[in-house]
**Q** 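What follows is a structure written as structure tokens; I'll ask about it next.
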Amino acid sequence: MAIKVAVNRALTAITALPTAAALTDGNLTLLTTATASSSATLDFTSNINSTYDSYVFKFIDMHPATNDVTFGFQADTGTNTSYNQTLTTTFFQARHAEAGTSSSLAYTTNRDHAQGSGFQTLIYDVGNGNDENCSGELHLFQPSSATFVKHFMSRASNYGQANEAADCFAAGYFNTTTALTRVRFKMSSGNTDAGTIKMYGVGPKQS
Amino acid sequence: MATYASIKYDMDLSSNATGTGGMTLLSTQTASSSATVDFTSSIDSTYKEYLFKCFNLHPATDEVSLQFQVDTGTNTSYNQTMTTTAFQSAHAEADNDTSLEYRTGLDLAQSTSFHSLSNVIGNGNDECISGTLSLFDPSNTTFVKHFTGQFSGYGSGNYNYNSFSAGYVNTTTAITRVRFKFSSGNTDAGTIKMYGVS
């Protein structure tokens with residue numbers, strides 16, 4: 001948003017100045033940073049509430065301890081720690097081998113959910129070679145709504161264990177009208193050896 | 001009604017106007033019959049993500065693709081090894097053709113060429129391309145460097161192309177510079193803004 005500069009004469013009409021939050025309209029406010037270090041899970045258990053309409057998680061240089069694993073996420077309500085909310089989702093990706101021998105764009109049926117409660121795949125076939133990793137972002141919309149289901153969408157780039165690039169897209173909804181308060185990320189097997197996940201609130205705070 | 005004496009600021013405008021952890025504009029490049037549009041500074045370990053927003057890039061030549069490459073240190077070869085993907089949806093203004101497909105002609109497999117961020121764009125007066133490119137942790141010296149891009153183009157033949165590409169720069173050397181150009185001819189007009197995301 002534009003910040004209007006008042007002139008002396010106009011100051012008499014000002015009854016309130018914008019808050020810091022209002023001035024972040026459309027911008028990102030960093031809320032939490034989680035850094036992996038041989039971590040079984042990376043959990044965000046606070047700051048997810050009605051303060052912001054949407055939250056974005058940027059995951060950068062996620063590196064698994066185990067080869068050929070899936071990087072995924074789930075959410076939970078209140079102070080629960082089961083991370084097993086009901087999901088219906090889609091997943092597709094483009095991929096291209098370093099050898100140039102294969103490329104594809106396809107829906108991946110075994111990476112989606114139909115009212116499932118497992119973790120949602122954000123990226124699969126993640127390699128654990130020294131320089132292999134994945135990076136991307138996940139948007140979660142109105143997690144505190146008590147009326148509607150909660151939508152999410154993600155996009156990520158992967159250096160796959162078979163030496164290929166993948167552009168991964170997941171989206172869907174948590175089929176609950178209970179507020180989501182926490183989000184967990186993890187590899188499908190083994191620890192996350194390295195990587196950073198930053199959680200931002202998007203746009204102005206909701207009053 | 002406020003008076004001069006009663007006006008109080010409840011915030012530091014200089015720091016909060018961009019938001020803690022928000023996007024910081026680092027550089028703006030404006031094309032004007034430019035062979036390339038280069039970002040050669042401010043790409044370092046300060047930010048984990050760099051976001052390039054491209055506005056109304058207009059090629060001098062018809063039927064060309066917007067492309068990018070990167071380089072390290074103060075090198076100017078822009079020939080780092082990349083493996084990438086590319087797919088797009090397309091729709092003709094005449095409403096007689098639509099598609100969603102992988103584009104084998106736009107991707108790279110361990111190549112040092114420029115990566116095409118779009119299908120071919122037209123050079124008609126109102127034709128151009130806009131979109132975004134994210135580059136993750138370019139200064140990392142352990143891992144390869146990922147990127148994702150999405151661009152909407154007004155294609156030659158009067159098509160809209162929604163172009164998606166992603167991939168990695170297959171090096172563990174820090175990336176310090178980024179070059180944009182069209183596959184042939186100059187960039188007549190347009191603006192690219194580089195932001196740091198903290």
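In this text the structure is predicted, and so the values were computed from the model without any measurement.
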**Q** Going from OH on B:Y195 to CG on A:L28, what distance comes out if it is rounded to the nearest 0.5 angstrom?
**A** 12.0 Å

**Q** For B:T142, is it the side chain, the backbone, both or neither that has a heavy atom under 4.5 Å from a heavy atom of chain A?
**A**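 The answer is both parts of B:T142.
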
**Q** If I take atom OG1 from residue B:T172 and atom CG from residue A:N130, how far apart are they, to the nearest 0.5 angstrom?
**A**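 Rounded to the nearest 0.5 Å, the OG1-CG separation comes to 9.5 Å.
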
**Q** Check each atom of B:S134 against the heavy atoms of chain A and say whether the ones under 4.5 Å are side chain, backbone, both or neither.
**A**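 Neither part.
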
**Q** Considering only heavy atoms, which portion of A:E132 lies under 4.5 Å from any heavy atom of chain B: side chain, backbone, both, or neither?
**A**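 Only the backbone of A:E132 comes within 4.5 Å of chain B.
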
**Q** Can you see which heavy atom on B:F143 is nearest to which on A:A194, and at what distance?
**A**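 Heavy-atom minimum between the residues: CZ-CB, 4.3 Å.
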
**Q** For the interface with chain B, which of A:G100, A:G129, A:S103 has the highest count of heavy-atom pairs at distances below 4.5 Å?
**A** A:S103

**Q** Non-hydrogen contacts under 4.5 angstrom with chain A: give the residues of residues 67-92 of chain B involved, or none if there are none.
**A**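 Under the 4.5 Å heavy-atom cut-off, B:T83, B:T84, B:T85, B:F87 qualify.
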
**Q** Minimum heavy-atom separation for A:G136 to B:F136, with atom names?
**A** CA-CZ, 4.1 Å

**Q** Taking side chain as everything from C-beta outward and backbone as N, CA, C, O, which of these in A:N133 sits under 4.5 Å from a heavy atom of chain B? Side chain, backbone, both or neither.
**A**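 Contact with chain B: backbone and side chain both.
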
**Q** Side chain, backbone, both or neither: which part of B:D107 has a non-hydrogen atom closer than 4.5 Å to chain A?
**A** both

**Q** Does the side chain of A:S135 come under 3.5 Å of the side chain of B:H146 through a donor N or O and an acceptor N or O?
**A**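 Checked: A:S135/B:H146 side chains show no N/O donor-acceptor pair below 3.5 Å.
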
**Q** Would you find more than 12 non-hydrogen atoms of other residues, nucleotides or ligands less than 6.0 Å from B:N125 atom CG?
**A** no

**Q** On the 0 to 90° scale, with breaks at 30° and 60°, tag the B:Y168-A:Y159 ring pair as parallel, tilted or perpendicular.
**A** parallel

**Q** Side chain from CB out, backbone as N, CA, C, O: work out which of these in B:F164 comes under 4.5 Å of a heavy atom of chain A, or both, or neither.
**A** both

**Q** Can you tell me if OH on A:Y107 sees more than 12 non-hydrogen neighbours from other groups inside 6.0 Å?
**A** yes

**Q** B:G167 and A:A165: which non-hydrogen atoms are nearest, and at how many Å?
**A** CA-CB, 4.2 Å

**Q** With rounding to the nearest 0.5 angstrom, report the OG1 to NZ distance, A:T196 to B:K48.
**A** 4.0 Å

**Q** Would you mind telling me which of A:T33, A:D131, A:N158 has the largest number of heavy-atom pairs within less than 4.5 Å of chain B?
**A**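 Between A:T33, A:D131, A:N158, the count favours A:D131.
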
**Q** Could you pull out the closest heavy-atom pair between A:Y200 and B:S198, with the gap in Å?
**A** OH-O, 2.7 Å

**Q** Look up atom CD in B:Q150 and atom CZ in A:R155, then write down how far apart they are to the nearest 0.5 Å.
**A** 6.5 Å

**Q** Please determine, among B:N140, B:T171, B:D137, the option with the most heavy-atom pairs under 4.5 Å with chain A.
**A**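 Of the candidates given, the most pairs with chain A belong to B:D137.
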
**Q** Pick one of side chain, backbone, both or neither for A:A97, based on which atoms fall under 4.5 Å of a heavy atom in chain B.
**A**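 Only the backbone of A:A97 comes within 4.5 Å of chain B.
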
**Q** So, A:E98 versus B:N170: side-chain donor-acceptor pair below 3.5 Å or not?
**A** yes

